[in-house]
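Just below is one structure, and these are the notes that go with it.
These numbers come from the heavy atoms of this one structure, side chains and all, not from hydrogens, waters or symmetry mates.
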Amino acid sequence: MINLLSAEFYKLRKSKGIYIGVLVAAALVLLLYGSLVMIDKINQGEIANGTAGVIVSPNAGDAGASGTPQSMLQEIGVIGVLQQMFGGHFVGIIAAVLVSIFVIREHSAGTIKNLVGKGYSRFAIFTAKMIPVLMLMLVFESVVALVTICLGIPFMGWELFAATAWEDVVVYIGLQLMFGAAVAAIYMLVGELTRNLAAGISVSIGALMFSTTLTAGLDLVFHQMEIEPSKYWVLDLVAACPTVDFSAEFLVRSVLVSAVWFMIAAALGVLHFKRTDVK
């Protein structure tokens, strides 16, 4: 088991995918901050509406005491950009690609077949793969969060940046990391079931983008019974996670839902890996 883990972490360290993923995420953060700056400048009349494709409606931004529109950077803040990155599925899409590549390429390259042929138990092989996948997800999300926070300084200015409610930021990031562990297990399950890179990425991103629509429909179906399936689907929690006023009910439900979906995905992944031939 130790040898398997060492080999998997070595592959993880040598993988260029995580570095490319962080660069793509950083570019998206820059785009988000840049868009907010453009909106502020348009509202202030410094540049024409529609510049660089940014169009601001005439009633966008509530007017402050001076009658001028309130700064979007001030209104949204660092935690708002974090919410766009995580709740807007930017991070989830990149993570789906990274996890799929890390998991499925072992089947494409025949590495898994070699490990099984050497006599390692399938449980040990799957576990040795899952632990680095979790580390990949947590490190990637942590780095993206750190980049988002650090880029807030030049875009927002130190005074506005320092006024951020850091307690809420810490809680929000902690929740997203917890959700990320469960989502990583789901992505790994998809990779194990498909064992094809294109299919794995497509299904993972499809689940990320469209499963919330399905659960919203189920909410309507069970409306009369006062049952809301969306409250118990981890990807819905990722998108619906609040940025302030974290209720005890939401925190407890988040922990339980994340733990349950993580265990379900891990158990199904191990079961499928044990019972399916490795080609």
Side-chain angles (χ1 to χ4, degrees), residues 76 79-100 103 126 130 133-134 137-138 141 145 168-196 198-276:
I76 293 177
I79 198 165
V81 179
L82 284 169
Q83 186 181 40
Q84 290 297 315
M85 288 298 298
F86 288 93
H89 300 317
F90 292 120
V91 170
I93 291 174
I94 299 172
V97 176
L98 295 180
V99 172
S100 296
V103 172
F126 190 88
M130 173 166 279
V133 165
L134 293 177
M137 190 72 161
L138 296 178
E141 291 191 338
D168 293 335
V169 171
V170 171
V171 174
Y172 182 81
I173 293 175
L175 287 171
Q176 291 297 336
L177 291 177
M178 181 178 64
F179 298 147
V183 173
I186 293 172
Y187 288 162
M188 186 169 181
L189 172 61
V190 172
E192 168 59 28
L193 294 175
T194 58
R195 297 186 178 182
N196 177 274
I201 294 175
S202 299
V203 174
S204 295
I205 294 178
L208 177 69
M209 301 299 295
F210 302 115
S211 64
T212 52
T213 303
L214 176 61
T215 53
L218 292 176
D219 286 348
L220 294 175
V221 172
F222 295 104
H223 175 69
Q224 297 297 329
M225 301 173 62
E226 298 184 353
I227 298 175
E228 298 181 64
S230 62
K231 287 186 175 182
Y232 308 101
W233 175 227
V234 65
L235 290 174
D236 274 301
L237 294 181
V238 171
C241 182
T243 56
V244 295
D245 300 327
F246 302 95
S247 66
E249 183 274 336
F250 181 83
L251 294 175
V252 172
R253 177 159 50 88
S254 297
V255 172
L256 294 176
V257 170
S258 299
V260 169
W261 279 109
F262 175 84
M263 289 187 291
I264 289 174
L268 290 177
V270 171
L271 184 63
H272 184 269
F273 187 60
K274 281 185 173 182
R275 297 192 175 186
T276 307

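Checked options Leu98, Val103, Val133, Leu208; the residue passing with Tyr187 is Leu208 (criterion: side chain to side chain contact (heavy atoms under 4.5 Å, CB included)).
Under the 4.5 Å side-chain criterion, counting only non-hydrogen atoms from C-beta, Lys274 is not in contact with Phe126. Side-chain atoms of Glu192 and Val270, non-hydrogen and from C-beta on, never get closer than 4.5 Å to each other. In this structure, the side chains of Asp168 and Thr243 stay at 4.5 Å or more apart for every pair of heavy atoms. Taking 4.5 Å as the limit, every side-chain heavy atom of Thr276 sits out of range of all side-chain heavy atoms of Leu193. Put simply, the side chain of Leu235 does not reach to within 4.5 Å of the side chain of His89, judged on heavy atoms.
Side chain of Arg275 to backbone of His272: no donor-acceptor contact under 3.5 angstrom is found. Using a distance-only test at 3.5 Å, with no hydrogens or angles considered, no donor-acceptor pair links the side chain of Tyr172 to the main chain of Cys241. With hydrogens and angles disregarded, no donor-acceptor distance shorter than 3.5 Å links the side chain of Ser204 to the backbone of Ile201. At distances below 3.5 Å, at least one donor-acceptor pair connects side-chain atoms of Asp219 with backbone N or O atoms of Ser230.
To the nearest 0.5 Å, the span separating CD1 on Ile186 from CG on Leu189 amounts to 8.0 Å. Here the OG atom belonging to Ser258 is positioned 6.5 Å from the CG atom belonging to Leu237, to the nearest 0.5 angstrom. For the atom pair CD (Glu141) and CE (Met85), the distance works out to 10.5 Å, reported to the nearest 0.5 Å. If you take OG on Ser254 and NZ on Lys231, they are separated by 11.5 Å, rounding to the nearest 0.5 Å.
For residues 215-271, every residue pair satisfying the ring pair (Phe, Tyr, Trp, His ring centres under 6.0 Å) rule, not counting sequence neighbours, is listed here: Trp233-Trp261.
Atom CD of Gln224 is surrounded by 12 or fewer heavy atoms from other residues, nucleotides or ligands within 6.0 Å.
Taking all atoms of both residues into account, the shortest heavy-atom contact from Val234 to Val257 is N-CG1, 4.0 Å. Residues Pro229 and Ile227 come closest through the heavy atom pair CD-O, 3.4 Å. Closest heavy-atom contact between Ala181 and Leu134: O-CD2, 3.5 Å. For the pair Ala199 and Thr194, the tightest heavy-atom approach, listed with the atom from each and the gap, is CB-CB, 4.1 Å. Nearest heavy atoms, Met137 versus Ala95: SD-CB, 3.4 Å. Across all non-hydrogen atoms, the minimal contact from Ala145 to Ile173 is CB-CD1, 3.8 Å.
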side-chain contact (heavy atoms from CB on, under 4.5 Å) assessment of Val238 paired with Gln176: CA-CA 7 Å; Val238 171; Gln176 291 297 336; 3.5 Å; yes

